[in-house]
**Student:** 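The structure follows.
Chain A is the first sequence line, chain B the second, and so forth, proteins listed ahead of strands; every chain is numbered from 1.
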Amino acid sequence: MQEELIKRAVELMEDGTVNRVLGWQKGQFVYDITPAVFTSADELKENFVYNDFCGDNLSKYLKDETEKEGKVLVFLKPCDTYSFNQLLTEYKIHRENVYAIGIECYGKADVELLRRKGIDGILDVKNENGTLKIATIYGDEEVPMMEAMAERCVNCKSKKHVAYDELIGEDGEVLDSNRFDMVEKLEQMSAQERFDFWQGELSRCIRCNACRNVCPACTCEKCVFDNPDSGLYNKAAADSFEEKMFHIIRAYHVAGRCTDCGECSRVCPEHIPLHLLNRKFIKDYNELYGSFMAGAEVGQVSPMVDFTMDNDAEPSIVQKGGAE
Amino acid sequence: MQRIGVFVCHCGTNIAATVDVEAVAEAAKSVPGVVFSADYPYMCSESGQDLVKESVQKYNLTNVVICSCSPRMHEKTFRKAVESIGMNPYMLEIANIREQCSWVHKDKEEGTEKAIMLMKAACAKATLNTPLTPGMLPVTKRALVIGGGIAGMQAALDIAEAGYEVDIVEQKPTIGGKMAQLDKTFPTLDCSSCIVTPKMVDVGQNDKIRILSYSDVEEVKGYIGNFDVKIKRKARYVDEDKCTGCGLCTEKCPMKKVPNEWNLELDTRSCVYIPFAQAVPKVATIDPRYCLKLNKGTCGICSKVCGVGAINYEAKDEIIEEKYGAIVAATGFEIADISRYDEYAYGQSPDVVTSLEYERLMSAAGPFGGHLLRPSDHKEPKKIVFVQCVGSREEESCKGGKEYCSKVCCMYTAKHAILTKDHYPDTDIYVFYIDVRTPGKLFDEFYRRAVEQYGVHYIKGAVGKVTPHKETGKLEVQGYDMILNEQMHIDADMVVLAAAVEPSHTARRMATMLTAPMDNNDFFTEAHAKLRPVESATAGVFLAGMCQGPKDIPETVSQASAAAAKVIGVLAKDQLVGNPCIAHPDELMCNGCSQCAGVCPYGAITYVEKEFRMPNRTTKMRRVAQVNEAVCQGCGACTVTCPSGAMDLRGFSNNEIMAEVDALCL
Ligand SMILES: Cc1cc2nc3c(=O)[nH]c(=O)nc-3n(C[C@H](O)[C@H](O)[C@H](O)COP(=O)(O)OP(=O)(O)OC[C@H]3O[C@@H](n4cnc5c(N)ncnc54)[C@H](O)[C@@H]3O)c2cc1C
Ligand code: SF4
Ligand code: SF4
Ligand code: SF4
Ligand code: SF4
């Protein structure tokens with residue numbers, strides 16, 4: 001597929017549709033991939049990569065990229081198209097300055113899962129019909145792709161592209177995934193168990209801000225955590241209360257806007273399952289206000305910030321049971 | 001550095017009985033920033049206000065904190081006081097230690113502790129207060145009255161009298177409301193038509209008043225002084241300007257079997273109709289549900305007989321847009337649906353009627369020309385049972401009835417009894433009541449006349465069941481006399497149910513458009529139950545008549561005139577002082593996400609693309625929020641929605657609120 005993407009990108013650059021390409025760039029290792037902007041066919045041929053480790057959601061980079069001169073080409077996996085739409089909804093992308101190619105995706109690998117299997121010193125990974133053939137400095141290994149797949153991909157919410165100018169590969173369906181199973185487990189815990197669970201997870205946070213920086217919903221001009229006047233400004237959590245405040249506030253800020261792209265959990269160096277916080281909100285939205293998926297369409301208004309004249313004035317939380 | 005003065009009010013014993021006011025004043029002395037504190041029996045009195053003013057001057061105070069009653073009571077009073085000596089009124093804070101403290105606590109120690117906390121919170125906020133200056137708003141010198149019942153008419157006449165233009169929007173083809181349907185009115189028994197139709201004529205002829213009948217309010221935007229209203233003029237298929245009201249079309253219309261709502265469907269009318277002889281405007285309306293021409297393309301007789309060519313089958317609903325400075329809601333009431341009460345056999349027998357239907361049966365313009373006859377066999381009823389409080393004063397869980405008292409039923413039932421006895425002295429009348437409520441001028445005298453002079457049988461008790469008997473034509477009434485503690489059986493000819501009143505079914509829609517609060521029963525709520533009874537909490541919206549709660553005609557008229565006075569007060573001004581406590585976005589922080597506009601109930605937020613200076617002499621166009629200062633009501637919905645904290649409320653800034661919370665919690 002990589003060659004096909006490069007070919008199409010070069011064509012679009014040559015016919016003047018776009019003047020640069022937002023894609024994935026080779027790293028030192030096969031799994032360490034970084035988003036990059038390519039401005040020539042040569043650069044593309046040399047450094048552009050599309051493989052099982054290209055998990056990065058490129059849509060957030062469009063905020064800055066589409067402010068520049070000329071059109072930029074972007075490749076979007078199905079889940080990335082939701083972020084793309086949500087960014088459009090929030091007026092963060094200049095649509096006229098981007099050419100979006102939807103590309104099919106069968107799930108991306110998480111190198112961490114390989115490492116947990118004791119596979120280290122990875123030199124190369126090839127996917128042969130669903131099996132990862134891994135060359136390491138200690139010899140060759142084989143792992144079924146399913147076992148190396150990131151959680152968000154195992155529980156993929158949609159193979160459908162909700163936005164694109166052009167499609168390469170197949171378009172799929174919105175999936176009925178099991179992504180809320182773990183949330184349900186948390187809901188069934190006692191308050192103390194749940195508190196202990198989150199305490200355990202969040203106390204590892206080193207406030208590197210990677211989750212926030214990667215999040216396509218975190219596109220504020222000035223984040224409250226960077227604003228000395230907000231009263232929340234701090235670089236590191238001073239106590240366990242602040243550890244939780246950071247994440248709770250962030251979860252609230254992205255509630256109704258988070259598309260469950262899973263980037264936050266992917267980038268967290270401490271492997272904190274941040275997606276569970278967001279999914280709890282999404283699950284509650286679905287249950288309280290009817291099914292709602294941020295980014296499914298451009299211009300959608302999230303139920304929490306929706307005020308219309310014929311709003312049902314009944315307190316629906318009370319009516320429907322709501323929180324205990 | 002702030003120099004705060006704290007003033008603790010005793011409010012007689014209202015506060016002092018449960019709060020140690022001296023201790024609060026003493027505690028204030030150690031609050032950072034406080035340089036003076038004192039307690040006083042009545043802070044709001046002239047000498048109390050003087051104490052505040054003198055202290056401000058003597059101690060060079062920059063902020064004032066008054067620990068007293070709710071800011072809704074006296075914030076204005078104290079703001080005025082400090083303003084008179086040159087302090088910005090928004091540098092004053094109120095700590096509510098009455099409603100939120102002394103009135104809800106019994107234990108003095110607890111009360112005192114809480115009062116001290118509230119005082120500290122207010123000081124914390126005061127420290128961050130900044131001087132605010134309200135903007136000025138222009139005023140459109142015209143008023144809108146929604147509803148053309150006696151309330152709406154009276155309000156319109158009074159506003160017009162002061163020289164301002166008024167539009168009345170009435171949903172029905174004619175103004176007049178329920179009063180026009182009544183026969184006589186308590187307690188004086190003057191004929192309702194004789195007093196209401198001249199009013200209708202006055203309204204119709206007043207050149208300051210425009211009647212938009214057969215119309216609906218579709219949209220209300222804007223704010224006090226500057227409302228933008230869309231009004232739907234429903235197609236009447238008759239040109240109002242051409243129609244002379246001669247009524248020829250109504251005579252010739254072959255479709256005569258249309259239920260006549262004017263007579264509560266006790267008889268029928270023609271499809272093209274004028275509701276009643278004194279209707280204003282006196283123009284015909286075609287009922288599109290029944291018209292043969294409109295539905296089947298046949299007939300067309302009315303157009304042929306109309307001498308002035310007023311009939312227009314092609315007419316369409318029309319939306320007109322108007323500007324107003326103030327709005328009076330006078331949407332009145334409806335008779336509640338009592339079909340749930342099958343024990344009274346309403347709906348099973350035509351001889352069981354509501355009181356309003358009884359008014360029509362008695363009325364000279366009613367279905368039987370004023371001759372009281374039973375609807376079933378058109379015979380004179382000899383024995384009539386009245387049942388009061390049907391659907392009123394009932395627990396909602398019971399049958400979805402109303403918890404409130406409908407207020408007018410006791411009196412109109414006495415009226416019905418007296419009028420019936422007057423015309424038909426040999427009629428036997430029974431009234432079942434829970435209690436008879438007659439607080440009003442000449443009301444108890446009126447009721448006693450019914451009992452003592454007319455011999456009406458008032459029975460404290462209830463009716464358990466009404467059984468219609470086909471063979472005899474009688475209604476078997478099973479009742480219970482609570483005083484004699486015995487069951488009763490009455491074979492009645494008619495049963496009259498004093499059904500509960502409820503607000504117009506359009507009220508909720510109106511209230512939503514007007515952003516005016518209403519209570520659980522859908523009555524509009526007044527801004528203050530005692531001190532602002534004719535104002536809605538929404539500035540520029542005033543209330544008149546039954547739409548605000550059950551009331552009789554004199555009360556309705558007084559409220560309407562009072563609302564008119566308030567409207568005139570608004571329209572008489574060339575400019576209005578705005579509210580400075582409104583939202584404003586910090587453009588450097590706003591990211592244009594547009595979430596705030598979604599939650600603003602007043603539509604105050606819009607967006608602009610603006611150029612911003614960036615590092616290295618570059619610029620950047622960014623989308624940022626803008627608040628229309630005149631439209632914003634300062635509700636704060638947007639400030640809590642904004643993820644970046646860019647939106648903030650003047651006078652209630654995020655930091656001020658946080659400081660209060662910190663003072664309470666830390
Ligand atoms: C059976 C009965 C007998 C009574 N007898 C007496 C009596 O003897 N003496 C006495 O003092 N009181 C009596 N009353 C009370 C009296 O009827 C009311 O006090 C009075 O009619 C209230 O006037 P109003 O203008 O508030 O409401 P209404 O008379 O109901 O007028 C409201 C008007 O607004 C219109 N409207 C409603 N919604 C809208 C809308 N959204 N847009 C446009 N127009 C709208 C309606 O069509 C109506 O014309 C009696 C009441 C009843 C039920
Ligand atoms: S919170 Fe996480 S899952 Fe949600 S949009 Fe941001 S990065 Fe994606
Ligand atoms: S990425 Fe992980 S460690 Fe970094 S701030 Fe987010 S949760 Fe904390
Ligand atoms: S405070 Fe905000 S939401 Fe409320 S009226 Fe003003 S702009 Fe609208
Ligand atoms: S919610 Fe905040 S950031 Fe978003 S547009 Fe409104 S003021 Fe700006």
**Student:** Let me know if Ser302(A) has heavy atoms under 4.5 Å from chain B in its side chain, its backbone, both or neither.
**Tutor:** neither
**Student:** Considering all heavy atoms of both residues, which atom of Val599(B) and which atom of Met304(A) are nearest to each other, and what is their separation?
**Tutor:**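 Residues Val599(B) and Met304(A), closest heavy atoms: CG1-O, 4.1 Å.
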**Student:** With a 6.0 Å cut-off (strictly less than), is the heavy-atom count around NZ of Lys120(B), excluding the residue itself, greater than 12?
**Tutor:** no
**Student:** Under 3.5 Å, is there a donor-acceptor pair between the Lys222(A) and Asn591(B) side chains?
**Tutor:**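 On atom types as modelled, these side chains do not qualify, holding no pair under 3.5 Å.
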**Student:** Is Arg509(B) in contact with chain A via its backbone, its side chain, both, or neither, using a 4.5 Å heavy-atom distance?
**Tutor:**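 Answer is neither: Arg509(B) stays 4.5 Å or more from chain A.
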**Student:** Should we count NZ of Lys68(A) as having more than 12 external heavy atoms under 6.0 Å?
**Tutor:**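 Yes.
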**Student:** For Glu69(A), does the CD atom sit with more than 12 other heavy atoms under 6.0 Å from it, leaving out its own atoms?
**Tutor:**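 No, the 6.0 Å shell around CD holds no more than 12 heavy atoms from other groups.
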**Student:** Please lay out, stage by stage, how Leu588(B) and Glu221(A) fare under the test side-chain contact (heavy atoms from CB on, under 4.5 Å).
**Tutor:** CA-CA 7 Å; Leu588(B) 293 177; Glu221(A) 237 4 77; over 6 Å; no
**Student:** Using a 6.0 Å cut-off, check whether atom OH of Tyr252(A) has over 12 heavy atoms from anything other than its own residue.
**Tutor:** no
**Student:** Any chance you could measure Gln595(B), atom CD, to Asp306(A), atom CG, to the nearest 0.5 Å?
**Tutor:**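 So the CD of Gln595(B) and the CG of Asp306(A) are separated by 11.5 Å.
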**Student:** How many angstroms lie between CE in Met589(B) and CG in Asp226(A), if you round to the nearest 0.5 Å?
**Tutor:** 11.5 Å
**Student:** Is there side-chain contact between Cys593(B) and Tyr91(A), with heavy atoms separated by less than 4.5 Å?
**Tutor:**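 The answer is no; the side chains never approach within 4.5 Å.
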**Student:** Please tell me if the side chains of Pro643(B) and Cys220(A) come closer than 4.5 Å, counting only heavy atoms from C-beta onward.
**Tutor:** yes
**Student:** For atom CG of Asn520(B), is the number of surrounding heavy atoms from other residues, nucleotides or ligands below 6.0 Å larger than 12?
**Tutor:** no
**Student:** Under a 4.5 Å cut-off applied to non-hydrogen side-chain atoms, are Met621(B) and Glu67(A) in contact?
**Tutor:** no
**Student:** Which bit of Asn654(B) comes within less than 4.5 Å of chain A, counting heavy atoms only: side chain, backbone, both or neither?
**Tutor:** neither
